[in-house]
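Below is one structure, written out as structure tokens; comments come after it.
Below, each value reflects all heavy atoms present in this structure, side chains not excepted, and no hydrogens, waters or symmetry copies. Below, chain A is the first sequence line, B the second, and so on; all start at residue 1.
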Number of protein chains: 2
Amino acid sequence: MSKGPVKECVRSRTPPRERIIETARDLFHKHGLRGVGVDAIAEAAGTNKMTLYRHFGSKDDLIAACLTEAGREAAQEWDEWEAEFANDPKKLLLEWIDCAMACAVEDPRGCDIANAAVEITEPDHPARKVIAQVKTDHRDRLARICHAAGFRDAELLADALTLLVEGARVSWQSVGPEGPGSRFVQAAQAIVAAFGGPKT
Amino acid sequence: MSKGPVKECVRSRTPPRERIIETARDLFHKHGLRGVGVDAIAEAAGTNKMTLYRHFGSKDDLIAACLTEAGREAAQEWDEWEAEFANDPKKLLLEWIDCAMACAVEDPRGCDIANAAVEITEPDHPARKVIAQVKTDHRDRLARICHAAGFRDAELLADALTLLVEGARVSWQSVGPEGPGSRFVQAAQAIVAAFGGPKT
DNA sequence: ACAGGGTGTGACCCGTCTGTAACATCTGAA
DNA sequence: TTCAGATGTTACAGACGGGTCACACCCTGT
């Protein structure tokens, strides 16, 4: 099973907190937030329920922590990309389109943040503000890049691309790899072109 | 004493099977598939768990029946629209864009079919084929309309609009009414315009 | 050697879940 | 009236959910 790396973590003395978050993210991703119990998480993380509850006051807090970590990871990737393509924002945009597609192809379960937004129905859940924050940050990065690339209506383009990628990920889960999601790259490129491609 | 009038009212309405589906759809929509139990559904439908299980072999079957009914309802609305705008497919397309936005504004919980696709993780769940069928039908209708309206790349336009509306609904659940979803109409109209509008 | 904090262990509480059994009741048609 | 089928009622099984308790165990720093 996928217990190998966890055991390794135990041996290498990775703190339980990190092991729990890593394991929980994996299980939540595969089976959904309500599809996995804290006991299963603790056991898969090579620890126990008591230690889990000593680090996270409740399952909801653990969920929020997992999404926070996911957002932190995504932000770090963005930072690296932005540094790499600092002098060519338009290429960064096209690179992001390709990468978003590649990530979706590689994993049919979509975006953890968006999935959580669907699965969490309570409006005052501790994860709600994390979800909103991460998604807003993502869109704002896109908007900044669109501005830097000199597009006419950068804000609207950022919104359109945001909706497009969100839709691709959920469509993938609905109809699989042969559905509209498979044309995400073409659709995104067409939109980018329509928003000012010919400007050069 | 609180027995008679309520029961009579309930009984004189519709057969239990329809009441159960209607009630289940409402509760599933509000709290998610895993967030509501069959007992609560039966009670809210004015019946009991035993009758529910006599009509639907399992909760999963009930879920599949609910999604089937949702798809049937949506198809009927489409048929009416197509009949109404039979001689002006482009206006139908724009009308659909407005209506999709209006529906999303009215209800922040998104699309039941797409939400189910997110929440159901088992690949062999009886609802999976229903989800794929309904979503595929929706895209194909859009494609037919785009073709009829004379767009250049009707297939890609249909895909793009599909992804856009799916994304709008999930974005609404992530960041609320002020997020990118609020610019869905503008984005969709811009894409339609970019794809050539009238063929000239 | 000692103390203290983080961790592991097993049991437990209490509620809810899906699904079933046995029996009572009602309804509509012959 | 009588009978069959659909529905209502109650209780239960068996599993699992989140969350807590008391206590034993390390390990580390002093």
- Answer yes when R183(A) and E155(B) have at least one side-chain N-carboxylate O distance shorter than 4.0 Å, and no when they do not. no
Rounded distance (Å) that lies between atom [atom2] of [N] and atom [atom1] of [X]:
X      : N       : atom1 : atom2 : answer
I41(A) : dC16(D) : CD1   : C1'   : 14 Å
Y53(B) : dA11(D) : OH    : P     : 19 Å
E18(B) : dA6(D)  : CD    : P     : 16 Å
L27(A) : dC16(D) : CG    : C1'   : 16 Å
E43(B) : dG8(D)  : CD    : C1'   : 13 Å
F56(B) : dT20(C) : CZ    : P     : 15 Å
D60(A) : dG19(D) : CG    : C1'   : 12 Å
L52(B) : dC17(C) : CG    : P     : 13 Å

- Query: Run the side chain to side chain contact (heavy atoms under 4.5 Å, CB included) check on D137(A) and W78(A) step by step: do they pass?
  - Reply: CA-CA 11 Å; D137(A) 178 65; W78(A) 269 111; 5.6 Å; no
- Message: Quick one, I131(A) and I120(A) - any side-chain contact, counting heavy atoms below 4.5 Å?
- Response: yes
- Hey, mind stepping through E43(A) and K49(A) against side chain to side chain contact (heavy atoms under 4.5 Å, CB included) and telling me if it holds? CA-CA 8 Å; E43(A) 188 184 351; K49(A) 198 163 52 168; over 6 Å; no
- Tell me, yes or no, whether the heavy-atom count around E122(A) atom CD, taken from other residues, nucleotides or ligands under 6.0 Å, exceeds 12. yes
- Message: Please determine whether the number of non-hydrogen atoms from other residues, nucleotides or ligands lying under 6.0 Å from atom NE2 of H31(B) exceeds 12.
- Response: no
Using a distance-only test with no angle check, is there a side-chain donor-acceptor pair under 3.5 angstrom linking [X] and [Y]?
X      : Y       : answer
N48(B) : T51(B)  : yes
D26(A) : T23(A)  : no
H29(A) : N115(A) : no

- B/S/- contact track for nucleotides 6-11 of chain C, protein heavy atom under 4.0 Å: -BBB--
- Query: Hey, can you pull the residues of residues 30-37 of chain B with a non-hydrogen atom under 4.0 angstrom from DNA chain C?
  - Reply: V36(B), G37(B)
